[in-house]
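The figures that follow rest on heavy atoms only: side chains count, while hydrogens, waters and symmetry mates do not.
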Amino acid sequence: MEEKKTFFDYLAYAFMIFGVTILILTVLALVCGEEAKEVSTIFALGDGGIPLSTILQFFLTSILTTMVNIAFFSERLIKKIPLWCRTVGMLLAEVAMIILFVVVFDWFPVDMWEPWVMFSLSFGLCFCISVGITVLKEKLENQKMEAALERVKKEGEQNGNSN
(Lines give C-alpha, C1' and ligand atoms only; values in the text may rest on other atoms or scores of the structure.)
Protein backbone atom coordinates (compact mmCIF):
# COMPACT_ATOMS: atom_id res chain seq x y z
CA MET A 1 0.00 0.00 0.00
CA GLU A 2 1.32 3.39 -0.99
CA GLU A 3 1.57 5.99 1.76
CA LYS A 4 -0.37 9.20 1.30
CA LYS A 5 1.83 12.04 0.22
CA THR A 6 1.46 15.50 1.63
CA PHE A 7 2.11 18.92 0.15
CA PHE A 8 5.51 18.87 1.87
CA ASP A 9 6.46 15.57 0.18
CA TYR A 10 5.73 17.13 -3.21
CA LEU A 11 7.57 20.32 -2.26
CA ALA A 12 10.60 18.24 -1.22
CA TYR A 13 10.43 16.42 -4.58
CA ALA A 14 10.33 19.74 -6.45
CA PHE A 15 13.33 21.04 -4.49
CA MET A 16 15.22 17.81 -5.16
CA ILE A 17 14.63 18.24 -8.91
CA PHE A 18 15.60 21.90 -8.64
CA GLY A 19 18.81 21.11 -6.75
CA VAL A 20 19.92 18.46 -9.23
CA THR A 21 19.06 20.76 -12.15
CA ILE A 22 21.05 23.67 -10.73
CA LEU A 23 23.98 21.35 -9.99
CA ILE A 24 23.96 20.15 -13.62
CA LEU A 25 23.68 23.74 -14.92
CA THR A 26 26.54 24.83 -12.67
CA VAL A 27 28.81 22.07 -13.98
CA LEU A 28 27.82 22.89 -17.56
CA ALA A 29 28.49 26.60 -16.95
CA LEU A 30 31.94 25.80 -15.60
CA VAL A 31 32.76 23.43 -18.46
CA CYS A 32 31.27 25.17 -21.49
CA GLY A 33 29.75 28.43 -20.22
CA GLU A 34 32.15 30.73 -21.99
CA GLU A 35 31.47 29.16 -25.39
CA ALA A 36 27.72 28.89 -24.74
CA LYS A 37 27.14 32.42 -23.47
CA GLU A 38 26.89 33.79 -27.01
CA VAL A 39 24.21 31.22 -27.87
CA SER A 40 22.18 30.63 -24.70
CA THR A 41 20.56 32.90 -22.13
CA ILE A 42 21.07 30.06 -19.64
CA PHE A 43 24.81 30.69 -19.81
CA ALA A 44 24.67 34.46 -20.30
CA LEU A 45 27.25 34.89 -17.50
CA GLY A 46 29.62 32.36 -19.05
CA ASP A 47 31.55 30.42 -16.46
CA GLY A 48 30.71 33.12 -13.90
CA GLY A 49 27.38 31.62 -12.90
CA ILE A 50 23.74 31.29 -13.83
CA PRO A 51 21.51 34.37 -14.16
CA LEU A 52 18.87 34.77 -11.45
CA SER A 53 16.11 34.84 -14.07
CA THR A 54 17.30 31.45 -15.33
CA ILE A 55 17.38 30.05 -11.80
CA LEU A 56 13.76 31.15 -11.32
CA GLN A 57 12.79 29.65 -14.68
CA PHE A 58 14.31 26.31 -13.69
CA PHE A 59 12.55 26.48 -10.32
CA LEU A 60 9.29 26.87 -12.25
CA THR A 61 10.20 23.83 -14.39
CA SER A 62 10.82 21.86 -11.17
CA ILE A 63 7.38 22.80 -9.83
CA LEU A 64 5.72 21.95 -13.16
CA THR A 65 7.64 18.66 -13.39
CA THR A 66 6.34 17.75 -9.94
CA MET A 67 2.81 18.57 -11.02
CA VAL A 68 3.19 16.49 -14.20
CA ASN A 69 4.53 13.63 -12.08
CA ILE A 70 1.52 13.86 -9.79
CA ALA A 71 -0.84 13.89 -12.76
CA PHE A 72 0.70 10.84 -14.43
CA PHE A 73 1.65 8.71 -11.43
CA SER A 74 -1.00 9.42 -8.82
CA GLU A 75 -3.17 6.34 -8.46
CA ARG A 76 -6.13 8.59 -7.73
CA LEU A 77 -5.91 10.44 -11.02
CA ILE A 78 -4.94 7.72 -13.51
CA LYS A 79 -5.71 4.21 -12.28
CA LYS A 80 -6.24 2.01 -15.30
CA ILE A 81 -3.52 3.24 -17.65
CA PRO A 82 -0.44 0.96 -17.78
CA LEU A 83 2.76 2.27 -16.23
CA TRP A 84 4.62 2.38 -19.55
CA CYS A 85 1.86 4.55 -21.07
CA ARG A 86 2.01 6.94 -18.13
CA THR A 87 5.80 7.10 -18.41
CA VAL A 88 5.62 7.90 -22.14
CA GLY A 89 2.92 10.50 -21.44
CA MET A 90 5.04 12.13 -18.77
CA LEU A 91 8.08 12.17 -21.06
CA LEU A 92 6.07 13.81 -23.84
CA ALA A 93 4.65 16.38 -21.41
CA GLU A 94 8.15 17.14 -20.10
CA VAL A 95 9.59 17.57 -23.60
CA ALA A 96 6.67 19.83 -24.57
CA MET A 97 7.23 21.91 -21.43
CA ILE A 98 10.95 22.27 -22.15
CA ILE A 99 10.27 23.24 -25.78
CA LEU A 100 7.84 25.89 -24.51
CA PHE A 101 10.47 27.22 -22.09
CA VAL A 102 13.11 27.24 -24.84
CA VAL A 103 10.84 29.37 -27.01
CA VAL A 104 9.38 31.65 -24.32
CA PHE A 105 12.60 32.29 -22.39
CA ASP A 106 14.92 32.12 -25.40
CA TRP A 107 17.13 29.50 -23.71
CA PHE A 108 18.79 28.85 -27.05
CA PRO A 109 18.04 29.53 -30.72
CA VAL A 110 15.32 27.17 -31.93
CA ASP A 111 16.80 27.10 -35.43
CA MET A 112 20.20 25.72 -34.33
CA TRP A 113 20.52 21.94 -34.29
CA GLU A 114 23.51 21.78 -31.92
CA PRO A 115 21.67 23.01 -28.81
CA TRP A 116 18.81 20.58 -29.56
CA VAL A 117 21.27 17.69 -29.76
CA MET A 118 22.86 18.76 -26.46
CA PHE A 119 19.42 19.13 -24.88
CA SER A 120 18.37 15.70 -26.15
CA LEU A 121 21.55 14.07 -24.85
CA SER A 122 21.33 15.71 -21.43
CA PHE A 123 17.60 14.99 -21.13
CA GLY A 124 18.17 11.37 -22.16
CA LEU A 125 21.04 10.97 -19.72
CA CYS A 126 19.05 12.49 -16.85
CA PHE A 127 16.07 10.30 -17.72
CA CYS A 128 18.22 7.15 -17.72
CA ILE A 129 19.81 8.09 -14.40
CA SER A 130 16.36 8.80 -12.95
CA VAL A 131 15.00 5.45 -14.14
CA GLY A 132 18.07 3.69 -12.73
CA ILE A 133 17.65 5.35 -9.34
CA THR A 134 13.92 4.57 -9.31
CA VAL A 135 14.50 0.91 -10.18
CA LEU A 136 17.20 0.63 -7.50
CA LYS A 137 14.95 2.29 -4.90
CA GLU A 138 12.07 -0.05 -5.82
CA LYS A 139 14.36 -3.08 -5.57
CA LEU A 140 15.62 -2.03 -2.13
CA GLU A 141 12.07 -1.39 -0.91
CA ASN A 142 10.97 -4.81 -2.20
CA GLN A 143 13.88 -6.47 -0.40
CA LYS A 144 12.87 -4.71 2.84
CA MET A 145 9.27 -5.85 2.39
CA GLU A 146 10.36 -9.45 1.71
CA ALA A 147 12.59 -9.46 4.80
CA ALA A 148 9.74 -8.09 6.93
CA LEU A 149 7.36 -10.71 5.52
CA GLU A 150 9.85 -13.47 6.35
CA ARG A 151 10.15 -12.15 9.92
CA VAL A 152 6.37 -12.13 10.28
CA LYS A 153 6.15 -15.68 8.91
CA LYS A 154 8.84 -16.91 11.33
CA GLU A 155 7.16 -15.19 14.26
CA GLY A 156 3.86 -16.76 13.24
CA GLU A 157 5.45 -20.21 13.02
CA GLN A 158 7.10 -19.78 16.42
CA ASN A 159 3.86 -18.60 18.01
CA GLY A 160 1.96 -21.48 16.37
CA ASN A 161 4.44 -24.05 17.71
CA SER A 162 4.44 -22.68 21.26
CA ASN A 163 0.64 -23.11 21.68
*What residue among Leu60, Thr61, Thr66 forms side chain to side chain contact (heavy atoms under 4.5 Å, CB included) with Leu64?*
Leu60
*If you group Ile, Leu, Val, Met, Phe, Trp and Tyr by side-chain heavy-atom gaps below 4.5 Å, do Val104 and Phe108 land in one group?*
yes
*Checking ring pair (Phe, Tyr, Trp, His ring centres under 6.0 Å) for the pair Trp107/Phe119: CA distance, chi angles, key distance, verdict?*
CA-CA 11 Å; Trp107 281 354; Phe119 160 71; 8.6 Å; no
*Around Met118, counting heavy atoms of other residues, nucleotides and ligands shown, do more than 12 lie under 6.0 Å from its CE?*
no
*Same cluster for Phe123 and Leu23 if Ile/Leu/Val/Met/Phe/Trp/Tyr side chains link at under 4.5 Å?*
no
*Check Ile17 against Thr21 and note the closest heavy-atom contact, atom names and distance.*
O-OG1, 2.7 Å
*With a 4.5 Å heavy-atom cut-off, do Phe105 and Leu100 have their side chains touching?*
no
*Roughly how far apart are Lys144 NZ and Lys139 NZ, rounded to 0.5 Å?*
15.5 Å
_Interatomic spacing from CD in Glu146 to CZ in Arg151 - rounded to 0.5 Å_ = 12.0 Å
_Same apolar cluster: Phe8 and Met67, side chain cutoff 4.5 Å_ = yes
*Is it possible for you to say whether Ile99 and Val110 belong to one hydrophobic cluster, with membership spreading through side-chain heavy-atom contacts below 4.5 Å?*
yes
_Quick check for you: to the nearest 0.5 Å, what is the distance between Thr134 atom OG1 and Phe127 atom CZ?_
9.0 Å
*CG of Asp47 to OG1 of Thr26: how many Å apart, nearest 0.5 Å?*
12.0 Å
*asked:* Val39 vs Met112, test: side chain to side chain contact (heavy atoms under 4.5 Å, CB included). Steps then yes/no.
replied: CA-CA 9 Å; Val39 177; Met112 289 180 67; 4.0 Å; yes
*Identify the two heavy atoms, one from Thr65 and one from Met97, that lie closest to each other, and give their separation to 0.1 Å.*
OG1-CE, 3.3 Å
*Ignoring hydrogens and geometry, is there a side-chain-to-backbone donor-acceptor pair from Ser120 to Trp116 under 3.5 Å?*
yes
_Heavy-atom closest contact (Phe72 atom, Arg86 atom, distance)_ = O-CD, 2.7 Å
*First locate atom CZ of Phe18, then atom CG of Leu25, and finally report the distance between them rounded to the nearest 0.5 Å.*
9.0 Å
*asked:* Quick one, Leu45 and Lys37 - any side-chain contact, counting heavy atoms below 4.5 Å?
replied: no
*Just how far is it from atom CD1 of Ile55 to atom CD1 of Ile42, taken to the nearest 0.5 Å?*
11.5 Å
*Evaluate side chain to side chain contact (heavy atoms under 4.5 Å, CB included) for Asp9 paired with Tyr13, printing each intermediate quantity in order.*
CA-CA 6 Å; Asp9 293 321; Tyr13 182 73; over 6 Å; no
*Between Cys126 and Ile24, which heavy-atom pair has the shortest distance, and what is it?*
SG-CD1, 3.6 Å
*Is the count of non-hydrogen atoms from other residues, nucleotides or ligands lying under 6.0 Å from Leu52 atom CG greater than 12?*
no
*Are the aromatic rings of Phe59 and Phe15 close, with centres under 6.0 Å apart?*
yes
*Search all heavy atoms of Thr41 against all heavy atoms of Pro51 and return the closest pair with its distance.*
O-CG, 3.7 Å
*Taking every non-hydrogen atom, the tightest pair across Gly49 and Ala29*: O-CB, 4.4 Å
*Cluster question for you: counting only ILVMFWY and a side-chain heavy-atom cut-off of under 4.5 Å, with indirect links fine, are Val27 and Leu30 together?*
no
